[in-house]
Protein chains: 2
Amino acid sequence: MTSKSLHGEIENRLVEHELRYTSARKSVVAALITSDGPLSASELHDEFGGSVPLSSIYRSLVVLEETGILAPHLGTKGLTRYELAEWLRGHHHHFVCIDCGAVEDVAVDDTHERSVDAMVNEISSRVAFTPINHALEIEGRCARCA
Amino acid sequence: MTSKSLHGEIENRLVEHELRYTSARKSVVAALITSDGPLSASELHDEFGGSVPLSSIYRSLVVLEETGILAPHLGTKGLTRYELAEWLRGHHHHFVCIDCGAVEDVAVDDTHERSVDAMVNEISSRVAFTPINHALEIEGRCARCA
DNA sequence: AGCTATAATGAGAATCGTTATCATTCAAGA
DNA sequence: TCTTGAATGATAACGATTCTCATTATAGCT
């Protein structure tokens with residue numbers, strides 16, 4: 001999906017909810033389109049050189065999450081990073097550096113993804129739990145911290 | 001591994017580091033042995049009916065993590081939950097309820113686990129990243145929230 | 001058993017990420 | 001243009017976590 005069509009999809013989604021695709025929200029989305037992994041509020045704040053106030057960033061994140069445009073990344077100690085939801089970025093997994101905490105996206109090929117899916121379904125069927133999504137986090141050391 | 005031998009292993013590990021296996025630390029470990037999923041500082045605090053002050057719990061968690069006895073659970077927004085490290089509890093995965101946030105352990109059979117391992121290794125070999133561990137988080141709704 | 005050195009504790013202050021408040025600004029539609 | 005609700009910026013409030021420091025407890029020595 002091209003960056004322009006992404007913005008279009010997102011604007012549509014917001015308008016459906018009677019919300020506006022304002023510049024703060026666009027900035028957040030644009031940064032996350034470019035980024036190679038999820039970002040936290042303060043990382044975004046730095047990214048913008050402080051031009052967008054933190055309170056606006058937090059509010060944008062809330063709105064974008066509520067409308068299903070962003071998804072929180074389950075894999076961080078102490079802070080919350082966000083990424084584009086799967087319908088916008090496709091399914092993927094993460095590397096998490098145990099030293100610096102950096103998170104990087106990883107693509108998975110279909111063969112492997114199918115086996116993970118099978119596993120998730122099989123496991124869930126054995127217990128009272130309805131699976132909606134899954135996330136494989138690979139913990140290790142990134143190139144910089146190795 | 002029996003509960004008693006677990007405590008023994010842990011005490012040894014602490015003594016190697018010239019640290020003591022005090023009652024606060026024992027309480028934390030005991031609670032995590034019993035629990036069916038990772039717990040946060042305040043959940044532990046409640047578990048103990050407030051008898052162990054929060055500051056002690058936090059300090060115990062830090063010490064136990066530094067010595068490799070506990071591992072932080074990567075899968076929670078806003079707070080940190082801990083569980084026994086893998087050498088004490090064995091490898092497993094998690095269900096995370098997207099409504100109430102509860103986390104529950106899930107066992108994985110060898111067949112599936114091997115395919116996940118293969119996938120992790122294969123992926124990591126393609127990028128500059130040294131894998132140390134992995135965590136499969138299954139997000140969904142638990143029985144209570146379904 | 002008593003001493004001593006140091007680990008560990010308890011209580012509270014301080015910090016950090018995040019959320020809520022409120023007056024002001026902006027933008028879409030009449 | 002005017003109106004109305006959405007969005008903003010600044011700041012206060014909040015909850016989770018960490019730090020500080022004076023006090024207590026414990027292992028090792030005599």
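Note on naming: letters A, B, ... go to the chains in the order of the sequence lines (proteins, then strands), and numbering restarts at 1 for each one.
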Side-chain heavy-atom pair A:Glu137, B:Leu136 within 4.5 angstrom cut-off: no

Next on the checklist: What contact category does B:Arg25 fall into here, base, sugar-phosphate, or nothing, at under 4.0 angstrom with non-hydrogen atoms?
Outcome noted: sugar-phosphate

| task | State plainly whether the residues B:Glu122 and B:Arg126 are in salt-bridge range, i.e. N to O under 4.0 Å. | result | yes

From CG of B:Leu54 across to C1' of D:dC19 the rounded distance in Å is 15 Å

Closest to the side chain of A:Arg59, out of D:dT8, C:dT19, D:dC21, is D:dT8

Rounded to whole Å, CG of B:Leu19 lies from C1' of D:dT26 at a distance of 13 Å

Using a 3.5 Å distance criterion without hydrogens, assess whether the side chain of B:Trp87 forms a donor-acceptor pair with backbone atoms of B:Ile69. no

| said: Would you say B:Thr22 places a side-chain N or O within less than 4.0 Å of OP1 or OP2 belonging to C:dA8? | reply: no

Counting any heavy atom closer than 4.0 Å, what does B:Ser42 reach on the DNA or RNA strands: base, sugar-phosphate only, or nothing?
nothing

Side-chain N or O of A:Tyr58 less than 4.0 angstrom from OP1 or OP2 on C:dT18? yes

Atom CD of A:Glu43 and atom P of C:dC16 are separated, to the nearest Å, by 16 Å

Given protein heavy atoms under 4.0 Å, the one-letter contact record of nucleotides 24-30 of chain C, with B base, S sugar-phosphate only and - none, is simply ---S---

> Do A:Leu74 and B:Leu74 have side chains that get closer than 4.5 Å, going by heavy atoms?
Replying inline: no

Practice problem: Pick base, sugar-phosphate or nothing for A:Thr80, based on heavy-atom distances below 4.0 Å to the nucleic acid. | Solution: sugar-phosphate

A:His134 ring center within less than 6.0 Å of A:His93 ring center: yes

Strictly below 4.0 Å: does A:Ser55 bring a side-chain N or O up to OP1 or OP2 of D:dA10? no

Of B:Ser23 and B:Gly78, the one whose nearest nucleotide on DNA chain C sits closer to the 5' end is B:Ser23

Tell me whether the count of non-hydrogen atoms from other residues, nucleotides or ligands lying under 6.0 Å of CD in B:Glu16 goes above 12. yes

Whole-Å distance, B:Leu79 CG to C:dT19 P, equals 12 Å

Out of D:dA6, C:dT18, D:dT18, minimum distance to the side chain of B:Val62 belongs to D:dT18

To the nearest angstrom, the NZ-C1' distance between A:Lys77 and D:dT18 comes to 11 Å

request  = Return the orientation label for the A:His73 and A:His94 ring planes: parallel under 30°, perpendicular over 60°, tilted otherwise.
outcome  = perpendicular

Separation of D:dT17 atom P from B:His45 atom NE2, nearest Å, is 13 Å

Between CD of B:Glu11 and P of C:dA8 the distance, given in whole Å, is 12 Å

Testing D:dT17, C:dG10, C:dA8 for proximity to the side chain of B:Ser56, the answer is C:dG10

Whole-Å distance, A:Glu66 CD to C:dT18 P, equals 16 Å

Are the side chains of A:His45 and A:Tyr58 in contact, using a 4.5 Å heavy-atom criterion?
no

